[in-house]
Engineer: 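I'd like to ask you about the structure that follows.
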Amino acid sequence: MRAERYAFAEAEPKWQKIWDENQVFAAGGAAGKPKYYVLEMFPYPSGRIHMGHVRNYAMGDVIARYMRAKGHDVLHPMGWDAFGLPAENAAMGSKTHPADWTFANIAAMRAQLQSMGLSLDWSREIATCDPAYYKHQQKLFLDFLRAGLVDRKQSRVNWDPVDQTVLANEQVIDGRGWRSGALIEQRELTQWFLRITKYSDDLLNGLDQLDRWPEKVRLMQRNWIGRSEGVSVRFQLAAPAEGALPADAARDIEVFTTRADTLFGAKFIALSPDHPLARQLAERNLALAAFAQECRHGGAAAAEIETAEKKGFDTGLEVVHPFDPDWRLPVYVANFILMEYGTGAIFGCPAHDQRDLDFSRRYGLGATPVVCPDGVDPLSLVVEDAAFEGEGRLINSRFLDGLTVAEAKEDVARRLEHTELAGRPQGERKINYKLRDWGISRQRYWGCPIPIIHCEACGPVPVPDGDLPVELPADVEFGQPGNPLDRHPAWKHVACPKCGGAARRETDTMDTFVDSSWYYARFADPHNPDAPASRATLDRWLPVDQYIGGVEHAILHLLYARFFARAMRDTGHGGVAEPFAGLFTQGMVVHETYRSPSGDWVAPADVRFEPGETGRRALLRADGTEVAIGPIEKMSKSKRNTVDPDEIIGSYGADTARLFVLSDSPPDRDVIWSEEGVQGAWRFVQRLWRLAGELGNIAAPAGAAPPATFKDAALELRKATHRAIASVSENIERLRFNSAIARIREFANELTAALGDVEAPDADADLAFAFREAADALIRLIAPMTPHVAEECWSDLGHAGLVATAAWPQVDAMLVAREMISLPVQVNGKKRGEIVVAHDAGEEAVRAEALKQDGVLRAMEGKPVKKFILVPKRIVNVVV
RNA sequence: GCGGACGUGGCGAAACUGGUAGACGCAAGGGACUUAAAAUCCCUCGGGCUCAUCCCCAUGCGGGUUCGAUUCCCGCCGUCCGCACCA
């Protein structure tokens, strides 16, 4: 006897155990099947999963289960992005060792993920903080070093003198450290870099092949790489005032420009405050030094800088125009010039660059138009508030007059290449990239040690391969500023591997983005002691067929992983250049916010609702105080609008939670978490179970042979079934999980209606077969989303095996095609009727039928037909 | 400032390459069952006119292309996201 209700609390652990015992989700079992690799971005082990994880992993699981049912050997692994700052912060706060804290968190989160019933191959689990993992990362680093892909150079960082640490731009607020409040210093540190710029063009061109990536992400990467073609031009300094510059200062200023055509519109030169010449000048000019200092204190973020006022400092120096020895341009130091891009210096052409125009207006430097748009009289051309950045022909430019922009660029480049200045060509064509090398040095404990030993005599020496991994020492102390590795003499002081002399280890560890740049490859062969992964396993599994994660990783993580794939290939480790063939970026889980009268954030669990005069009112559960309903925002601890997946799974079950995060919103858009929505998902899970029971009562036995013929009722039911299979399959393949679920619900509605039409329990054999087919299809269609209840129903329907290993239902194309179709009939583009005709009815038949309709005749008002449009199987339009 | 995306009922949304706008769900209202409640089931549900049908209006706003536009083009308005002044 079946219970009244589906008891998820017993069923879910039961099926999880059965899946586990039967190794249903182990990859690599079936050599004959095509492979499919589905990967979700692995989590940082913060200690608890959040709803974003639930959504991310539910989506990946639908794909994994669907592909398995479609006959693929599916790799669907899970691991932990386990290095990072929170572990060190926790160590300082609670005196737990980062390793203990991390592994405890991993255990807790693993249990949570397992309670979701994800079809993961847990035998491949990895953690990046495991020496067995980072050993290979250190080897990769050394291989990259040997291949010339590693560099060591100075770079400027934000140094917090109190915390003795380096801060990101966003951690510097008004020139002070976010935690210590100390004034931040700009410091030059020697750091390790991965030479990602060696692959600039390759990374850019590779984007064209990634046709299963969102266009948005490809565009972001393109802009980030930022290839631009231009000319590098040297401007000779006019004799400077006595004593303004040291004797060894450069005698010219090199600028990079993509608009060499506008050289005759130049009005000034602007240098970055960090330009070498600006620094030399500042040493002898206190006012300039103060100005440069002020520039460095402003916000470092682009949006801040771009909305900030453009400011400059006139150095008093002048340069000579390259095409006119008598033409002088003033040299400014300006706050909007970045040392990191190009040469850290520009020439300003106010008429054709908005920023230059803004700057020129402020300092009265003028603006001469040199490009005239086609069809405009050059004499009428006046530069007002908007610079003209478009195409046209050159004017006011001597020998360039009349040329197009492209021709003028070419002409200028050629002339400058053939002009000598101080023994070199004055200009040369250059391709510039925004992309900069990837600095990976971090002054932290909880990261992968950089396997280098510094020797006074030999310089930086790689740790011999046989000595890898360089393991982090366990006995470290936190609570003091600075890096614990730096204070660990026994670990730090070692003999030089080359000369045997006294030496010290590199105490910087790697950026955690390094850890996540190759983990997808490790999953192919996660326990290999000798290599990141064997050639054979990489050949088998790469690339990842479908990668799923947050759009916040659209640039850095994905670009770094693409770089690693190339670097691994080029250092003989194998694999493919593009690690992720398909990419999907999912939306966030968001929730309403609530605030008490005192302004404190209130958690959703503490709020109840009742209808009010203007919609809902929210009241505090504890004492009924009204709380304000705020905007819907990303779930965050600070706003207390989080919902704990554990609690949801505990009270509704994993299937309900999974169903909810997949329903309603398209997966790339945000989904609003609501209690009502969860209830709706819960109701459907229950309804599904009841429906399966009712269908089981009337259906033919599992595996029954089809009868020879089907009467109308059975035929209609079969058609509904096969149409549902076709559209659910299509929606899953398009990753439209919300539409797939809507279609399944519609199918469930159709089945409920069909059941209602059956009068006797001993239905005809053809109908019994149709119900069996429908029930089996329904359960298999929903199984990727709600796998536990699906197993329960599958078993109740009399199947011996697991739905997790059942094949996806096959569509019978004959049943999907419709013989009679209904066609809307429009008159002058407005719907006035509907006709039912054979799907292959000819135009004459359709026309005759359409012109018989009352509504159509009425709308035609007796006018003759001017045009008759028939879009086969779509619509009819009568134009009168 | 630059770049990108998005604006459809009370709400989340659907509508594949231009072809019946609002599937599916949430909320709401009404009803059945019940001693009552929960659960479940049935009905209504964009706006206007209407008993109802017909009809009219409606996919942010204003134009355009088309037999036909939520979909394509131009111009506005609004919201969200990313950013390193891209020289």
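All values reported here derive from a predicted model rather than from experimental measurement.
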Engineer: Roughly, in whole Å, what's the span from NE2 in A:H275 to P in B:A87?
Structural biologist: 18 Å
Engineer: Counting heavy atoms from C-beta on, name the nucleotide in B:C55, B:C85, B:G25 closest to the side chain of A:N335.
Structural biologist: B:C85
Engineer: Hey, does A:R218 reach any base, or is it just sugar-phosphate, or nothing, if we go heavy atoms under 4.0 Å?
Structural biologist: nothing
Engineer: Once you apply a heavy-atom cut-off of 4.0 Å, does A:R743 come out as touching a base, just sugar-phosphate, or nothing?
Structural biologist: nothing
Engineer: Measuring from the side chain of A:V879 (C-beta onward, heavy atoms only), which nucleotide among B:C83, B:C67, B:C16 has the closest atom?
Structural biologist: B:C67
Engineer: Looking at A:R669, does any N or O in its side chain come under 4.0 Å of the phosphate oxygens OP1/OP2 on B:A13?
Structural biologist: yes
Engineer: Using heavy atoms to find the nearest nucleotide of RNA chain B for A:F347 and A:W682 separately, return the residue whose nucleotide is more 5′.
Structural biologist: A:W682
Engineer: So, is A:K216 near the phosphate of B:A5, with a side-chain N or O under 4.0 Å from OP1 or OP2?
Structural biologist: no
Engineer: Just to confirm, is there a sub-4.0 Å distance from OP1 or OP2 of B:G4 to any side-chain nitrogen or oxygen of A:N223?
Structural biologist: no
Engineer: Which is true for A:L435 with a 4.0 Å heavy-atom rule: it touches a base, it touches only sugar-phosphate, or it touches nothing?
Structural biologist: base
Engineer: Which part of the nucleic acid, if any, lies within contact of A:I869, taking any heavy atom under 4.0 Å across all strands shown: a base, the sugar-phosphate backbone alone, or nothing?
Structural biologist: base
Engineer: Return no unless some side-chain N or O of A:N749 is found under 4.0 Å from OP1 or OP2 of B:G25.
Structural biologist: yes
Engineer: Mind calculating the distance between CD (A:E746) and P (B:G22) to the nearest angstrom?
Structural biologist: 13 Å
Engineer: For a quick check of understanding: with a heavy-atom distance under 4.0 Å over all strands, which category does A:N432 fall into, base, sugar-phosphate or nothing?
Structural biologist: nothing
Engineer: Check every atom of B:G25, B:A27, B:G68 against the side chain of A:N877 and return the nucleotide holding the closest atom.
Structural biologist: B:G68
Engineer: Hey, does the side chain of A:S739 come within less than 4.0 Å of B:A23's phosphate (OP1/OP2), counting only N and O?
Structural biologist: no
Engineer: How does RNA chain B read in dot-bracket, base by base from 5' to 3', with Watson-Crick or G-U pairs under 3.5 Å and | used when the partner is on another strand?
Structural biologist: (((((((..(((......[....))).(((((.......))))).(((......)))..(((((..]....))))))))))))....
Engineer: Using a strict threshold of under 4.0 Å (side-chain N to carboxylate O), is an ion pair present between A:E428 and A:R234?
Structural biologist: no
Engineer: Can a side chain N or O of A:R874 be found less than 4.0 Å away from OP1 or OP2 on B:G68?
Structural biologist: no
Engineer: Name the closest nucleotide to the A:S228 side chain, picking from B:A87, B:A27, B:G4.
Structural biologist: B:A87
Engineer: Using only side-chain N and O atoms of A:T258, determine if any of them is under 4.0 Å from OP1 or OP2 of B:A87.
Structural biologist: yes
Engineer: Would you mind telling me which residue lines up with the more 5' stretch of RNA chain B, A:A681 or A:R736, judged by nearest nucleotide?
Structural biologist: A:R736
Engineer: Respond yes when some side-chain nitrogen or oxygen of A:R832 is under 4.0 Å from OP1 or OP2 of B:C55, and no when none is.
Structural biologist: yes
Engineer: What's the base orientation of B:G9: syn (chi within 90° of 0) or anti?
Structural biologist: syn
